[in-house]
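What follows is a set of notes on a single structure, which appears directly below.
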Amino acid sequence: MKIATFNVNSLRARIDNVVAWIERAEPDVLLLQELKCETAAFPREPFEARGYACAVVGQKSWNGVAILSRRGIDGPVLERLPGEPEDEQARYVEATVAGVRVAAIYLPNGNPVGTEKYPYKLRWMARLKAHARDLLARGGPVALGGDWNVIPAAADAADPSAWTEDALFRPQTRRAFREILHLGWTDAFRAVDARPHQFTFWDYQARAWERDDGIRIDHVLLSPAAADRIKGAWVDRWPRGQEKASDHTPLVVELADD
DNA sequence: ATGGCTGTTCTAAACAGA
């Protein structure tokens, strides 16, 4: 089963790119972030026509996440991360696909540090940690995939010195990410690929893509029962080189079928 | 560097992203 995560930076602006990539890569499950559209405006037709069921949590203008699956979607569908009921931002959706519990997450960016945005990011990570512990307690295969907005280590940035005070790389951010890993999760990409500088995001500015000046911030974390089934994990750089590309590119994780 | 791009939007001399 191929599970992919892709921050599309507006699905309506990117629909041709996303459909072209699906036809090329044929993921079984696609976790989308930054839909930038309301749930009712989600373009289901091109996906359903290709056999994908859709679980969508959208929001006007910003955020928005979805799970697309060509192996069906089973409930219960969880449409928000527990722990802060007043949080209205569309950043979490979780459902079951072929016996695997999968979540699409869009973790807050947190910049600029020094505003309310950074504490919100840290609270969101604490909520995710608590929920990740509950998910592990169930014992089954789980994949938490998405735009984590975390650079885990210096090897995950072309120029780590440029990110030292950034919300994506501050020690507090990396510590919160490690706390989740240490519950028993596996960074699927790092489990199979030790090479530095394997990026999933390149800024639109300053010819960052052409200079390979990127960061690795899109991740799939696997529970032990899922990690035992890893067949491969790779970054697919093809979409980032296309016209009208998102600033992110997909990460794909392949799990052995039961 | 109040820089650099790209998207959505109360079409902005704005705001957010990362």
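As the structure is a prediction and not an experimental result, all values here were calculated from the model. So you know, we letter chains A, B, ... as the sequences are listed, proteins then strands, and number each from 1.
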### Task
May I ask you to say what Y106(A) touches in the nucleic acid, namely base, sugar-phosphate or nothing, with a heavy-atom cut-off under 4.0 Å?
sugar-phosphate
### Message
What is the separation between atom CH2 on W62(A) and atom P on dC15(B), rounded to the nearest whole Å?
### Response
10 Å
### Message
Expressed as a whole number of angstroms, how long is the span from D159(A):CG to dA18(B):P?
### Response
19 Å
### Gap between atoms CZ and C1', on R211(A) and dC5(B) respectively (whole Å)
13 Å
### Summary
Closest of dA18(B), dG7(B), dG4(B) to the Q205(A) side chain is dG4(B)
### Gap in Å between the two P atoms, one belonging to dC15(B) and one to dT11(B), rounded
14 Å
### Query
With sugar-phosphate meaning primed atoms plus P, OP1 and OP2, does N7(A) contact a base, only sugar-phosphate, or nothing at under 4.0 Å between heavy atoms?
sugar-phosphate
### Query
In terms of side-chain heavy atoms, does K244(A) have a donor or acceptor partner in N17(A) at a distance below 3.5 Å?
no
### Task
Rounded to whole angstrom, note down the C1' distance from dA12(B) over to dT6(B).
16 Å
### Message
In this structure, how many angstroms lie between the P atom of dT6(B) and the CD atom of E243(A), rounded?
### Response
10 Å
### Task
State whether Y106(A) and R91(A) meet the cation-pi test: NZ (Lys) or CZ (Arg) under 6.0 Å from the six-membered ring centroid, and within 45° of the perpendicular axis.
yes
### Query
Is the shortest side-chain N/O distance from K244(A) to OP1 or OP2 of dG7(B) below 4.0 Å?
yes
### Query
Are any of K117(A)'s side-chain N or O atoms less than 4.0 Å away from OP1 or OP2 of dG17(B)?
yes
### Message
In this structure, how many angstroms lie between the P atom of dG3(B) and the CG atom of D203(A), rounded?
### Response
12 Å
### Query
In whole angstrom, what separates N111(A)'s CG from dC15(B)'s P?
17 Å
### Task
Could you verify whether a donor N or O on one side chain and an acceptor N or O on the other, from W209(A) and D247(A), lie under 3.5 Å apart?
no
### Task
Check every strand shown and say whether N63(A) touches a base, only sugar-phosphate, or nothing at a heavy-atom separation below 4.0 Å.
nothing
### Message
Closest approach to the side chain of Y204(A), judged atom by atom: which nucleotide of dA18(B), dG17(B), dT8(B) is it?
### Response
dG17(B)
### Message
Under a 3.5 Å cut-off for both contacts, is dC5(B) paired Watson-Crick or G-U wobble with anything, and if yes, with which nucleotide?
### Response
dG17(B)
### Message
Does E86(A), at its CD atom, have more than 12 non-hydrogen atoms belonging to other residues, nucleotides or ligands within less than 6.0 Å?
### Response
yes
### Message
Say we look at dA1(B) and dG7(B): how far apart would their P atoms be, to the nearest angstrom?
### Response
28 Å
### Task
Find which nucleotide of DNA chain B each of G110(A) and K36(A) is nearest to by heavy atoms, and output the residue with the more 5' nucleotide.
K36(A)
### Task
Check whether any side-chain nitrogen or oxygen of N9(A) sits under 4.0 Å from OP1 or OP2 of dG7(B), and answer yes or no.
no
### Message
Regarding K121(A), tell me which of base, sugar-phosphate or nothing describes its non-hydrogen contacts under 4.0 Å with the strands shown.
### Response
nothing
#### Entry: Pairwise P distance for dA16(B) and dT9(B), with rounding to whole Å
14 Å
### Message
When you measure from the side-chain N and O atoms of R14(A) to the phosphate of dG7(B), is any distance below 4.0 Å, counting only OP1 and OP2?
### Response
yes
### Message
Quick check on dA13(B): syn or anti? Syn means the glycosidic torsion is within 90 degrees of zero.
### Response
syn
### Query
The side chain of H248(A) lies closest to which of these nucleotides: dT8(B), dG17(B), dA18(B)?
dA18(B)
### Message
If we count only N and O atoms by modelled type, under 3.5 Å, do the side chains of T96(A) and D74(A) hold a donor and an acceptor together?
### Response
no
### Message
Can you check the distance between dT2(B) and dT8(B), where both ends of the measurement are the C1' atom (answer in whole Å)?
### Response
22 Å
### Query
Considering only dT6(B), dG17(B), dT9(B), which nucleotide approaches the side chain of N109(A) most closely?
dG17(B)
### Query
Taking atom types as modelled and ignoring hydrogens, do the side chains of E34(A) and N7(A) form a donor-acceptor contact shorter than 3.5 angstrom?
yes
### Message
Rounded to whole Å, how long is the line connecting atom CG of D166(A) with atom C1' of dG17(B)?
### Response
11 Å
### Query
Tell me: CZ of R91(A) to P of dA16(B), nearest whole Å?
12 Å
### Message
Does either side chain, that of D212(A) or that of W202(A), offer a donor lying less than 3.5 Å from an acceptor on the other one?
### Response
yes
### Earlier contact from the 5' end, DNA chain B, for D247(A) and S10(A)
S10(A)
